[in-house]
Amino acid sequence: MVDVKKFMDKMSDYLDGILSDEEKRKFEQDLKDCPECQKALDSFKKLRDKMRTSVPKPSAEAKLRVYEALNAERAKRGEELLKIPAELLKIAKAKSEAAVDAAKSVAETSAESMKEVASAGAEMVQQGGKGAINVGKKAAETFATGAKAAKDVAVESGKTMVETGKVVTVESAEVMVDSTKSPSEAAKAPARLAGKGIKAGMTMAKGAAKVMGKGIKGSAEVAKGTMEVGATMAKESAKTAKEGVKKAGKATKAAKDVASSIAEGAKKVAEAKPEDSD
Amino acid sequence: MVEHNDEKAFVSRLQKGEARAYEELIENYSDMVYRVCFRILQNRQDAEDAMQEVFLTVYRKIGDFKGQSKFSTWLYKISTNAALSMIRSRNRKHGQDVSVDSLSDEEAEMAEAWTAVPDDFVEKVEAEELVHKALEELSPNLSAALVLHELEGLSVAETAEALGISVSAAKVRIHRARQALYKILKEYLEEV
């Protein structure tokens, strides 16, 4: 009768090919005498083969980041930079372009939202009366919040351009300087940069996400302010309150439109792939 | 991977900082590095971060490689260390201790269990889910031993070197990893 525990101890060494000839001969004899032991050995080998076939691979973006990280180190030591494979650059370009488009779309939607809220506030001020004066104060505050949110988005976009500029190689500095001059130059920057450095594209994509985050925060604050305006109006006058609720509804829709735009933009960035013709 | 005969020349080019050599390094070894990191960490983002760290370490420390072992073994060592280091730092954040080999002495039971494997045991299991479950539940040091020896095919001696332990300690870890693997898989099959 084969001692299963001793058999298992030897199975490891057998599989590793480190049994002596004598031990190997004995082990194989035990296998013949013990069908269960043969089964255990076969199961383990099959399991190991199956585990070996499950092979995860790194994403193109991950490899891209390796090139960028090494190039950043090499640049510090004044060494020649690594040449990045064309297919990885194409992916970075596609992602950067998608990120900038997404940020533009969000900015446009936010601008529309701000207009809606501003006009809602202005109309409420025109209602007149004590209630309107109190409402008007709140509406003005809300409008100011919306204006600040839009400004925050613009400032964050600017910061992104500057941050992106810091990590780009010297030959790309010109592109970064141009991009801080105007939104249209900023929109062109990723495509110009993608041919020169990947990290710029990645930073741009990160920056676009932050910009979107500011957009979300700003819209939420505006929606909240508008709701508070509506609540204030309800206290002052039933008719004005009705109007206020309508206006608040418009602002809420505006905020939802911004949120949808952001979600769509994020999806486009995630799915961005190089064009076949690239 | 680079053939052994060319290995000395390749390492020399890396040590001189030759850009083309580093491009070859990434193209030829990124799959292996990522595979080891991912199998130990079982998380895509962490594995990608660890992979980046591995190549930076090679760049910074290539001068320390004296050629006493294969370059690939050295790279396996750096990859394993990067992954285990990330687990330690991840566990520190969550206030967990990473014990070395937290395996109770159930070897007799496990030995019996291996002989009672159902005929369709392996066919039932989806490879990826199986690997993920098993490697997630093994302690980091056992999963590293399993990944290097069983999945990457390193010899016991190479596994020992990559883990920075003696050959006898590596044998023990490999053996215990196989035993623990079966226990985990048996439980998995009972759930399925």
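Predicted model only: the values in this text are computed from it and were never measured. Order of the sequence lines fixes the chain letters, A, B, ..., with proteins taken first and strands second; residue numbering starts at 1 for each chain. Below, each value reflects all heavy atoms present in this structure, side chains not excepted, and no hydrogens, waters or symmetry copies.
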Any idea which heavy atoms bring [X] and [Y] closest together, and the distance?
{"X": "A/P58", "Y": "B/Y34", "value": "N-CD2, 3.3 Å"}
{"X": "B/G17", "Y": "A/R74", "value": "O-NH2, 2.6 Å"}
{"X": "B/S30", "Y": "A/K63", "value": "OG-CE, 3.5 Å"}
{"X": "A/L81", "Y": "B/A19", "value": "O-CB, 4.1 Å"}

Across all chains, not counting sequence neighbours, the side-chain contact (heavy atoms from CB on, under 4.5 Å) partners of A/Q38 are A/L31, A/L41, A/D42
With sequence neighbours excluded, what pairs up with A/K26 under the side-chain contact (heavy atoms from CB on, under 4.5 Å) test? A/D30
Interatomic spacing from CG in A/L15 to NE2 in B/H149 - rounded to 0.5 Å: 7.5 Å
So does A/D21 have more than 12 non-hydrogen atoms from other groups sitting under 6.0 Å from CG? no
Is B/R60 close to chain A through its backbone or its side chain, or both, or neither, when contacts mean heavy atoms under 4.5 Å? both
Which atoms of A/P35 come close to chain B, meaning under 4.5 Å heavy atom to heavy atom: side chain ones, backbone ones, both, or neither? neither
Give me the contact list for residues 48-55 of chain B versus chain A, heavy atoms only, anything under 4.5 Å, ordered by residue number. B/E48, B/M51, B/Q52, B/F55
Expected contact set for residues 158-170 of chain B against chain A at heavy-atom separation under 4.5 Å reads none
Start with the C-alpha gap between B/Y59 and A/E79, add the side-chain angles, then the distance that decides, and say whether side-chain hydrogen bond (donor to acceptor under 3.5 Å, both in side chains) holds. CA-CA 12 Å; B/Y59 178 65; A/E79 290 182 343; 2.4 Å; yes
With a 4.0 Å cut-off on N to O distance, would you call B/E23 and A/K83 a salt bridge? no
Test side chain to side chain contact (heavy atoms under 4.5 Å, CB included) applied to B/I26 and A/L70, A/L88, A/I84, the passing residue: A/L70
